[in-house]
Each structure stands twice: as C-alpha cells, then as structure tokens.
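Chain letters run A, B, ... following the sequence lines, proteins first, then strands; residues in each count from 1. Atom set for the values below is all heavy atoms of this structure, side chains included, hydrogens, waters and symmetry mates excluded. All of these numbers come straight from a predicted model, not from anything done at the bench.
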2 protein chains.
Amino acid sequence: MGMHGMSTARPYKHVLDRLQEAGLRPTRQRLALGRLLFEGEDRHVTAEQLHAEARHARISVSLATIYNTLHQFTAAGLLREVVVDAGRSYFDTNVHEHHHFFNEETGHLLDIEETRLSVSDLPPPPAGMCISRVDVIVRVARTEPAIKAQAAE
Amino acid sequence: MGMHGMSTARPYKHVLDRLQEAGLRPTRQRLALGRLLFEGEDRHVTAEQLHAEARHARISVSLATIYNTLHQFTAAGLLREVVVDAGRSYFDTNVHEHHHFFNEETGHLLDIEETRLSVSDLPPPPAGMCISRVDVIVRVARTEPAIKAQAAE
DNA sequence: ATATCAATTCAGAACGATTCTAAAATCTAC
DNA sequence: GTAGATTTTAGAATCGTTCTGAATTGATAT
Ligand SMILES: [Mn+2]
Ligand SMILES: [Mn+2]
Ligand SMILES: [Zn+2]
Ligand SMILES: [Zn+2]
C-alpha cells in the first residue's frame, strides 16, 4: 500500500530509530511527519505550515494529529517550542540551547548559536524559583523603518 | 456622572496629560483605564485581567474597548507588548528597555532592569535587517521540579 | 493468518483569545 | 446648542488550538 518511488532508499531508518528511542510507535503519520521535520536542515514550523507541507507531499494527516504529534515530539525532546508571537506556536527541530532572530514581517526564525551570544549578570531568580530556560529573541525589521523622522527628535 | 469618593483629588491630571501628549482624546474609558494602569507601580496585565479589574472598580468598559485601548496605548508608546506565552498577550507599563522573569505556573512577570543583565556578542542581523528589539525571557519554575528520578536514569 | 486490545487517528465540535462590524453614544469645535 | 468626526459597544466572526468519542491501526499472542 503506497510504496512508490525510489528516492526513499533507507531514510526511514533514521526517523524510525528516533521514534523507537522516544517510545513512540512508528505509525504512518509519525514516520511521515518525522521525515518532513528531521530529514533536512534544522527548521522552525507552525502546525499549519507542517499541515500544508504534508498535504503537498500527498501525506494525509489530520490537523489534530499534527498537533498531537508536535506535542508528543516536544515532550520526547525531539522538538522544542519557541514563543515569539502571541497567537502562533513555532516548533524547532534544533533542540540544543540557542537563541533566535525573529522577522516579524515574514514570521521567519533564524538560529543564533548559543556560543555566539552571551547573557551575563543575570540576577538571581525570585526566592524558591529556579531558572528553567533563558530565551533571547532578537526582533528584526527591514533596515531603516522608512527614513522619516530623520531629524533625530 | 458617578464621582464618588475623595481619594481622587487630582490624580486624573497625570493620565490626562499623557493622553493629550499621545494625541488621544480623554474619554471616560481611556481616563479610567489609564488610571488603573499608570497610577501605581509598573505592571504587566492581560486584557482579561484589566477588564476584570475595571469591573471591580465599577468602571463599565466593554472588552472591545479594553483591546482597542491597550493597542492604542501601545502604539502611542505608553505601553509595550510582551510575548511570553502563545495565546495570551501581556501589556507592560514599563516601556524602558528591560527584560523579564516569567513564572509559567502563575503567569506572573517580573522585571529585570536592563542594567542588571547584558547580552553580548550578538551576531549581526541578516543582511538588510536591523534589530528592532531584544527580548530576554528567563523562565522560572519552583525549585527542583520534585526530587523524583534521583537515580539519574 | 486471526483474534485481541491498547494506542492512535480523525472529523467535527468546542474553546479561549482576539478582531471585526456597524449602530449608538460621546467628544470637540463652532 | 448643533454638526461632524471619533469612540464605544454588543455581538458576531475569526483564528489557532484543544477536546470528544467513534473508527482505525499497530503490537502481541495464539
Ligand atoms: Mn500581535
Ligand atoms: Mn503552550
Ligand atoms: Zn531555532
Ligand atoms: Zn516589564
């Protein structure tokens, strides 16, 4: 049922292993989404984007399953959720500590390697609390938001 | 109508001035919300929180107006939007450059003065882009998320 | 292979936050 | 006061996400 093409020599193996390690059954949907997510470069996707991509690839998956899968992958440490925009969740295939440039106009995220940026002098967290994660979001825009107000206020 | 109490000697003046500066008509709703927002310490509120607070203070304002006002105040530079949680927008009365501790359990934000934290070695933004803002979110949790799994897996 | 049973998927409903609509109310200027 | 532009508002609509429960699939045992 549905094995077509030869450009898929052995690539399933990698994803299959990751699912097994994570204790997730290798269902048709998880394998297909896993391939979309993990077989190329690192990426940042929203649920809707991944859904559209699956549709293009002729993979039939419901949106509910996209959400389930993204959350299961996240819980398993295969993905990481990035919050940059109220109202939209991004999922990141790069689960190492790192930070982001965020282009608000296009919605694109770009990684900043952890080693290339340092956050220092962090004050101690409130009593009884410990730091679970430090997120740095560098919001970027097209250079010079119009050359108005050139007489610097 | 509805001027009751004497604890409101002249405090309107401050908010009124800020509205005028911003070119916003001093309507009953804007004045009332402005007072809630700007008369005490700096704070971080969601639209629903502010709406509830207004209701408590017997100020009748629709939720639509809460949203309109928060966005107008933000556009005018009287507030700043903080994104820490997909699905909920926080508005910050502290518009100076600063960063945040965010308690995901309670949803509370706590300011980190800009001078107390430094982000260095920021790589240059992608070509043709300029940095519009750098947000540092330090997510905190109750110390030691339970002492389970003490025999390190 | 077939039966069994838990895990998974899915369509569609429900949800919560936010935005939109367009009619009524309010503000400002005269 | 009136006129005209701005603002407010109730309610509907929208959007991303989560929930529901029935149908399907996967893993295991026979
Ligand atoms: Mn926004
Ligand atoms: Mn979330
Ligand atoms: Zn990333
Ligand atoms: Zn703040």
Side-chain angles (χ1 to χ4, degrees), chain A residues 1-3 12 15-17 19-34 36 44-55 58-76 78-79 81-91 104 107 109, chain B residues 1-3 12 15-16 19-34 36 44-55 58-76 78-79 81-91 104 107:
Chain A
M1 63 235 10
M3 62 195 62
Y12 278 101
V15 172
L16 204 145
D17 288 346
L19 291 180
Q20 228 129 40
E21 261 175 69
L24 295 168
R25 283 193 189 178
T27 64
R28 180 174 60 72
Q29 291 84 344
R30 285 182 185 148
L31 278 167
L33 296 177
L36 287 180
H44 307 92
V45 293
T46 66
E48 289 288 359
Q49 278 166 17
L50 185 59
H51 194 212
E53 205 170 309
R55 211 181 297 106
R58 293 281 162 63
I59 298 160
S60 152
V61 197
S62 73
L63 187 55
T65 296
I66 298 276
Y67 277 104
N68 287 343
T69 303
L70 287 172
H71 285 135
Q72 289 153 355
F73 283 11
T74 301
L78 300 178
L79 290 177
E81 203 174 338
V82 183
V83 178
V84 284
D85 184 5
R88 197 182 307 265
S89 268
Y90 285 80
F91 293 86
E104 311 215 30
L109 281 164
Chain B
M1 44 197 73
M3 62 197 63
Y12 279 100
V15 173
L16 205 145
L19 290 179
Q20 229 128 41
E21 261 175 68
L24 294 168
R25 285 191 186 177
T27 64
R28 180 173 60 71
Q29 290 85 344
R30 285 180 185 151
L31 278 166
L33 296 177
L36 288 179
H44 307 92
V45 293
T46 65
E48 289 287 359
Q49 279 166 17
L50 185 60
H51 193 213
E53 206 171 308
R55 211 181 296 108
R58 293 283 161 62
I59 300 160
S60 153
V61 198
S62 74
L63 186 56
T65 296
I66 298 275
Y67 276 104
N68 288 342
T69 303
L70 287 173
H71 285 136
Q72 289 153 355
F73 283 11
T74 301
L78 301 177
L79 290 176
E81 201 174 340
V82 183
V83 178
V84 284
D85 184 6
R88 195 184 308 265
S89 269
Y90 285 80
F91 293 86
E104 310 215 31

Check: His51(A) ring centroid to Tyr67(A) ring centroid under 6.0 Å: no
Nearest-angstrom distance from the residue atom CZ of Arg28(A) to C1' of dT9(C): 9 Å
For atom CD of Gln72(B) and atom C1' of dT7(D), their distance in whole Å: 8 Å
Gap between atoms NE2 and C1', on His71(B) and dT8(D) respectively (whole Å): 16 Å
Distance-only polar pair, side chains of Glu81(A) and Thr74(A), donor-acceptor under 3.5 Å: no
Nearest-nucleotide pick for Tyr67(A), side chain only, options being dT18(D), dT19(C), dA11(C): dT18(D)
Straight-line distance of Ile59(B) CD1 to Leu36(B) CG, nearest 0.5 Å: 4.5 Å
Value in whole Å for how far the C1' atom of dT7(D) lies from CG of Leu63(B): 16 Å
Euclidean distance, atom CZ of residue Arg55(A) to atom P of dC10(C) [Å, nearest integer]: 13 Å
Sugar-phosphate, base or nothing in reach of Ser60(B), heavy atoms under 4.0 Å: sugar-phosphate
Gap between atom CG of Leu79(A) and atom CG of Leu33(A) - 0.5 Å precision: 10.0 Å
Sugar-phosphate only, base, or nothing, as touched by Arg88(B) at under 4.0 Å among non-hydrogen atoms: sugar-phosphate
Nucleotide nearest Thr27(B) when distance is taken to its side chain, options dT18(C), dT9(C), dT8(D): dT8(D)
Interatomic distance where CD1 belongs to Ile66(A) and P belongs to dG16(D) [whole Å]: 14 Å
Touch class at under 4.0 angstrom, heavy-atom based, for Thr65(B) against every strand present: base
Distance in angstrom units between His51(A) NE2 and dT9(C) P, rounded: 13 Å
Arg25(A) side chain, from C-beta outward: closest of dT8(D), dA17(C), dA7(C): dA7(C)
Atom-pair distance (CG on Asn68(B); P on dA10(D)), nearest Å: 13 Å
